[in-house]
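Here the structure is laid out as structure tokens; the discussion comes afterwards.
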Protein chains: 2
Amino acid sequence: MKIGELARATGTHIETIRYYERIGLLPAPDRTAANYRSYGDAHRARLSFVRHSRELGFTIDEVRSLLDLSDHPARDCGEADRIASTHLEQVESKIAQLAALRDELARIVGRCRGGLAGDCRVIEALGDHRLCAADHP
Amino acid sequence: MKIGELARATGTHIETIRYYERIGLLPAPDRTAANYRSYGDAHRARLSFVRHSRELGFTIDEVRSLLDLSDHPARDCGEADRIASTHLEQVESKIAQLAALRDELARIVGRCRGGLAGDCRVIEALGDHRLCAADHP
DNA sequence: TATGCAGCCTGTAGCAACTACGGGGTCAAG
DNA sequence: CTTGACCCCGTAGTTGCTACAGGCTGCATA
């Protein structure tokens, strides 16, 4: 299949596919006589793997390691588990961070009663960290 | 105070301060005879405002608008409230997104029983979106 | 046959929001 | 008088794409 088709099949932008090829995340496919990229099912599977991993928030480098493992089925999968677990921890701490942030924002927004910017509690709160209820990032 | 002092006082990198000046977020301060930047309390307050806003996740452009309001106390603060509310919504949806992600990751990680990458459920799950419990970003 | 248009090619530049670096000037202490 | 901490500037790198510009290719239609 051509690049446009692969893009549609995987929900990826054409430019992103070429980008992944450039950075060595996807292998360079064969070319047609007209120099068009020509992909097969293996390419599609690999790109799906990449997209799915990216959607789950893994960095490109992590995806690289995961792909490498997937390419070497005889290797120990402890590394995959470690990458995923570490990432899970990061996601969890990011959630906690954002929750603190949300609380703070909600508190700030709740205090606005309209009127002039000079009296605005939102502006005031932004200027003075001491007005914060709790630590946030 | 000099830039290093301001940096320490606000928990900002020196480069970041210069960057903010370059993009017009902070006014260019006076210079000493040796061409060192020389800051006063107004600068420190403004930088604190910026840092605090950034920590709360506002974009530079949003910070610019908020600073503008803070510079014009006679203006209506509805805009500040709007920016903060919109941002709050974004944070909330980001949290929901990450929570879905966390659930999926936890599910994936939980399935790893060790062994070979070829049999690893983590790798498998990454390759096949259909194995997902729910929609994630 | 001509022509239009979708689709592909390459290479480069842009985005956010910094961060790092190289090569140099300044200043106070020892 | 030299050492080290601090400051200056300008530029390039980071992550993960995305968006051109300028030019082929391939197929359908007039």
Side-chain angles (χ1 to χ4, degrees), chain A residues 1-26 28-40 43 46-67 83 87 90-91 94 97 101 137, chain B residues 1-26 28-40 43 46-67 83 87 90-91 94 97 101 137:
Chain A
M1 75 188 102
K2 285 190 282 180
I3 198 169
E5 221 176 319
L6 178 64
R8 275 189 301 278
T10 58
T12 315
H13 290 193
I14 288 179
E15 289 93 342
T16 305
I17 298 176
R18 286 199 283 247
Y19 168 72
Y20 286 161
E21 179 182 328
R22 209 162 54 240
I23 64 171
L25 213 54
L26 298 182
D30 289 342
R31 299 292 183 122
T32 67
N35 201 30
Y36 286 9
R37 288 172 178 81
S38 177
Y39 297 95
H43 289 99
R46 197 178 177 86
L47 179 53
S48 296
F49 186 104
V50 171
R51 285 316 300 165
H52 193 193
S53 303
R54 292 287 304 125
E55 275 163 17
L56 287 169
F58 291 99
T59 65
I60 295 272
D61 263 5
E62 286 166 341
V63 175
R64 229 184 266 279
S65 304
L66 292 167
L67 273 174
I83 293 173
H87 182 52
Q90 282 165 5
V91 168
K94 184 78 191 172
Q97 224 176 70
L101 220 110
Chain B
M1 74 187 107
K2 285 189 283 180
I3 198 170
E5 223 176 318
L6 178 64
R8 275 188 301 278
T10 59
T12 315
H13 290 193
I14 289 180
E15 289 93 340
T16 306
I17 298 176
R18 287 200 282 248
Y19 168 71
Y20 287 161
E21 179 183 327
R22 209 163 52 241
I23 64 170
L25 213 53
L26 298 182
D30 288 343
R31 299 290 184 123
T32 68
N35 200 30
Y36 287 8
R37 287 172 179 80
S38 176
Y39 298 96
H43 289 100
R46 198 179 177 85
L47 179 51
S48 296
F49 186 104
V50 171
R51 284 316 301 164
H52 194 192
S53 303
R54 292 287 304 125
E55 276 164 16
L56 287 170
F58 291 99
T59 65
I60 296 271
D61 263 4
E62 286 165 342
V63 176
R64 230 183 265 278
S65 304
L66 292 168
L67 273 174
I83 293 173
H87 183 51
Q90 282 165 5
V91 169
K94 185 78 192 170
Q97 221 175 72
L101 221 109

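Lettering follows sequence order; numbering is per chain, from 1.
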Report the distance from atom [atom1] of [X] to atom [atom2] of [N], rounded to the nearest whole Å.
X        : N       : atom1 : atom2 : answer
Gln90(A) : dT15(D) : CD    : P     : 15 Å
Ile3(B)  : dC6(D)  : CD1   : P     : 13 Å
Glu5(B)  : dC7(D)  : CD    : C1'   : 13 Å
Phe58(A) : dT15(D) : CZ    : P     : 18 Å
His13(B) : dC7(D)  : NE2   : C1'   : 17 Å
Glu15(B) : dC8(D)  : CD    : P     : 11 Å
Tyr19(B) : dC9(D)  : OH    : C1'   : 17 Å
Lys2(A)  : dT25(D) : NZ    : P     : 13 Å

Is there a side-chain contact between [X] and the phosphate of [N], meaning an N or O under 4.0 Å from OP1 or OP2?
X        : N       : result
Arg31(B) : dC9(D)  : yes
Thr59(A) : dT15(D) : no
Arg18(B) : dC8(D)  : yes
Arg37(B) : dC9(D)  : yes

Base, sugar-phosphate, or nothing for [X], non-hydrogen atoms under 4.0 angstrom?
X        : answer
Arg64(B) : nothing
Arg8(A)  : nothing
Ile14(B) : sugar-phosphate
Tyr20(A) : sugar-phosphate

Check whether [X] reaches the backbone of [Y] with its side chain - one donor and one acceptor, N or O, closer than 3.5 Å.
X        : Y        : answer
Thr16(B) : Thr12(B) : no
Arg46(A) : Leu25(A) : yes
His52(B) : Leu47(B) : no
His87(B) : Glu62(B) : no

- Message: Does any part of the side chain of Glu21(A), heavy atoms only, come nearer than 4.5 Å to the side chain of Arg37(A), both counted from C-beta?
- Response: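 A side-chain contact under 4.5 Å exists here.
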
- Query: Got Ile23(B) and Arg64(B) here, is their nearest side-chain heavy-atom distance under 4.5 Å?
  - Reply: yes

- Query: Taking for each residue the nucleotide of DNA chain D with the nearest heavy atom, is it Thr16(A) or Ala33(A) whose nucleotide lies nearer the 5' end?
  - Reply: Thr16(A)

- Item | Nearest heavy-atom neighbours spanning Lys2(A) and Tyr36(A) | CD-CD2, 3.6 Å

- Taking atom types as modelled, is there a side-chain donor on Tyr20(A) or Arg51(A) under 3.5 Å from an acceptor on the other? yes

- Message: Please compare Arg22(A) and Asn35(A) by the position of their nearest nucleotide in DNA chain C and report the one closer to 5'.
- Response: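 Nearest nucleotide further toward 5': that of Asn35(A).
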
- Task: Considering only heavy atoms of chain B and a distance under 4.0 Å, specify the first and last nucleotide of DNA chain C in 5' to 3' order that meet this criterion.
- Result: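 Terminal contacting nucleotides, 5' to 3': dA17(C) to dC27(C).
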
- Check every atom of dC7(D), dC17(D), dG26(D) against the side chain of Ala34(A) and return the nucleotide holding the closest atom.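 Out of dC7(D), dC17(D), dG26(D), the nucleotide with an atom closest to Ala34(A)'s side chain is dG26(D).
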
